[in-house]
Colleague: 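Quick one: the structure is below, questions incoming.
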Amino acid sequence: MSSLLVDNIGELVTNVPGTGDGSPLGLRRDAAVLVEEERVAWVGPARYAPAADRRIDAGGAAALPGFVDSHAHLVFAGDRAAEFAARMAGQPYTGGGIRTTVGATRAASDDTLRTTVRRLVGEAMRQGTTTIEIKSGYGLTVADEARSLRIAAEVSDETTFLGAHVVPTEYADRPDDYVGLVCGPMLAAAAPYARWVDVFCERGAFDADHARAILTVGQAAGLGVRLHANQLGPGPGVRLGVELGAASVDHCTHLDDADVAALAGSAAADGSGTTTVATLLPGAEFSTRSPYPDARRLLDAGVTVALATDCNPGSSYTSSMPFCVALAVREMRMTPAEAVWAATAGGARALRRTDVGVLRPGARADLTVLDAPSYLHLAYRPGVPLIRQVLHNGVPQCRS
Ligand SMILES: [Zn+2]
C-alpha cells in the first residue's frame with residue numbers, strides 16, 4: 001500500500017468537532033496528514049508523523065478539506081455573456097434565458113458537452129473543489145436529459161436529474177403534459193445515471209403541486225430530494241423541501257419566518273444540525289445584481305448552511321468556491337470560519353456525505369493546501385489564486 005505524508009501544515013482545518021482548538025473547524029497547528037491509497041489514515045501533530053513512501057512539505061501553509069460544491073449545472077453548450085452584459089445595463093433576471101441554453105445544448109454533440117463538463121470540473125479542481133454535484137436540466141427531452149446525466153456521471157457520483165428546470169417552449173401551453181413526461185419516461189431514462197432529483201420551484205417555472213408530484217415519484221425511484229426554492233421571490237419551495245425530507249433546499253433568498261422555522265425544525269436528533277440544509281448560492285445574487293440571502297438569520301436559528309457556486313452559463317458562471325466564501329463573508333455577514341465550514345462540511349451535509357468535507361481517518365483523501373498561512377485568507381484576499389496543491393482521492397492534482 002503506498003503512503004503519502006502531507007507534512008509541515010501550519011494550520012489545518014479538519015472539520016472534526018471536539019478536536020484541535022475545539023471549534024467547528026477543529027483547527028490544528030503544526031499538523032500532518034497521512035494518506036494511504038485514497039483515504040486519510042492519520043491526522044496529528046507533525047512531530048509525531050509516521051513515516052511514508054512520499055512526502056509533500058506544506059511549508060507551514062494552511063490546509064483544509066477539498067471544497068464540496070453541492071450545486072452546479074455543468075452540462076450545457078454556449079454561453080450567455082451578452083445576456084449578462086444586458087443585465088448589468090439594467091435588464092432584470094427572469095430565468096427565461098435558460099431556454100437559450102436548452103436550444104444550444106440539444107444541438108450539441110456528446111463530445112462538445114463532455115468537453116465542457118470536463119473543462120469546468122478541472123477549473124473547479126484548480127480552485128480547490130474535490131466534490132462537485134452536477135445537474136441535468138438543459139436537455140428537457142427524454143434523450144437529452146439521459147445523455148446529460150450519463151456524461152455527468154462520467155466525472156461525478158453526485159448527479160442530479162433536473163428535468164423540471166423550466167417548461168420547454170414546445171410545452172409552453174401545456175405544462176401539465178410536461179410534468180407527466182418528467183414523472184414518466186424522462187425519470188425512467190434519467191434515474192440510472194442520477195443520485196438526486198431536483199425541481200426549480202419558482203413562479204414562472206414549477207409550482208408546489210408540480211414540484212411535489214415530481215419529487216415524490218423521484219423518491220419512489222430511489223433518488224434523494226433537493227430543490228431550487230425561494231430564489232426569485234417568496235414561495236412554498238422551502239417548506240415543501242422540509243416536508244419531503246430534502247437533503248437541501250437551495251438559494252433561500254426570500255424566506256419568511258415560517259420558512260426559517262420549518263428549516264430549524266428539521267434538526268437532527270443527534271444535535272449535528274438540521275436534516276434539511278439551506279444551501280446559499282451567492283454567485284447567483286452577484287451575477288444578477290440581486291439582494292443576498294440572510295445567512296445570519298439562518299445560522300442564528302440553528303439551520304445548517306452550505307455554500308455552493310450554482311455554476312451555470314446564465315445566472316452564476318463561476319466555478320470558484322473561494323469566490324463564494326469571500327462573498328459570503330463580505331455580503332452575507334458570515335464569519336470566515338462559518339463560510340469555510342459551509343463550503344466544505346456544509347456541502348458534504350447537503351449531499352448527505354460523511355466521507356468528504358472532513359479530514360479524519362477513513363475520510364476520502366481530498367485536501368487543499370493554500371498559498372497562505374491561514375484559511376482566513378480565502379476571504380481576506382478575494383480574487384487571488386491561493387490554491388497551491390490539491391489532493392483528490394489521495395492523488396496530487398496540480399501545483400501552481
Ligand atoms: Zn441552480
Side-chain angles (χ1 to χ4, degrees), residues 68-76 79-80 83-84 87 93-102 105 116-117 120-121 124 129 131-140 145 148-149 152 156 158-167 182 194-206 211 214-215 218 224-233 235 237-238 240-241 246-254 276-288 290 292-293 305-321 323-324 327 342-343 346-347 350-351:
V68 180
D69 185 353
S70 61
H71 186 134
H73 307 249
L74 306 186
V75 192
F76 63 85
D79 77 32
R80 281 152 55 195
E83 178 190 315
F84 174 79
R87 200 160 58 233
Y93 176 69
T94 61
I98 292 171
R99 292 190 182 86
T100 308
T101 300
V102 170
T105 303
T116 297
V117 170
L120 291 169
V121 168
T129 298
T131 301
I132 189 162
E133 182 258 18
I134 305 175
K135 302 176 194 298
S136 66
Y138 293 117
L140 310 186
E145 285 297 295
S148 295
L149 287 161
S156 179
E158 300 295 344
T159 52
T160 300
F161 170 48
L162 183 59
H165 197 185
V166 69
V167 176
V182 171
R195 180 168 181 229
W196 302 97
V197 59
D198 192 346
V199 172
F200 188 28
C201 183
E202 198 77 38
R203 191 184 300 270
F206 297 88
I214 293 162
L215 296 171
V225 169
R226 49 201 322 105
L227 73 163
H228 288 66
N230 303 58
Q231 175 189 3
L232 304 177
V238 164
L240 176 65
S248 179
V249 287
D250 296 24
H251 284 291
C252 295
T253 310
H254 296 272
T276 299
V277 172
T279 299
L280 309 182
L281 309 166
E285 279 77 31
F286 178 88
S287 301
T288 58
S290 301
Y292 290 91
V305 170
L307 287 171
T309 62
D310 195 17
C311 184
N312 78 83
S315 59
S316 182
Y317 200 7
T318 180
S319 57
S320 174
M321 289 294 279
F323 175 63
C324 293
L327 284 182
L351 294 171

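This chain uses plain numbering: 1 for the first residue, then up along the sequence. Remember, it's 1-based here, ligands and their atoms both numbered in the order they're listed.
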Colleague: Fit a plane to each ring of Phe323 and Phe286, take the angle between them on a 0 to 90° scale, and name the class: parallel (under 30°), tilted (30 to 60°) or perpendicular (over 60°).
Modeller: perpendicular
Colleague: Which heavy atom in Thr318 sits nearest to a heavy atom in Thr309, and how many Å separate them?
Modeller: O-CB, 3.4 Å
Colleague: Under the ring pair (Phe, Tyr, Trp, His ring centres under 6.0 Å) test, which residues partner Phe206, sequence neighbours left out?
Modeller: none
Colleague: Output all residues satisfying salt bridge (charged side-chain N to carboxylate O under 4.0 Å, His left out) with Glu158, sequence neighbours left out; order by chain, then residue number.
Modeller: Arg195, Arg353
Colleague: Partners of Tyr138 by ring pair (Phe, Tyr, Trp, His ring centres under 6.0 Å), sequence neighbours excluded?
Modeller: His165
Colleague: Anything protein N, O or S sitting under 2.8 Å from the Zn ion (ligand 1): count it and give me the total.
Modeller: 4
Colleague: Could you tell me whether a side-chain N or O of Glu145 sits under 3.5 Å from a main-chain N or O of Gly137, the two making a donor and an acceptor?
Modeller: yes
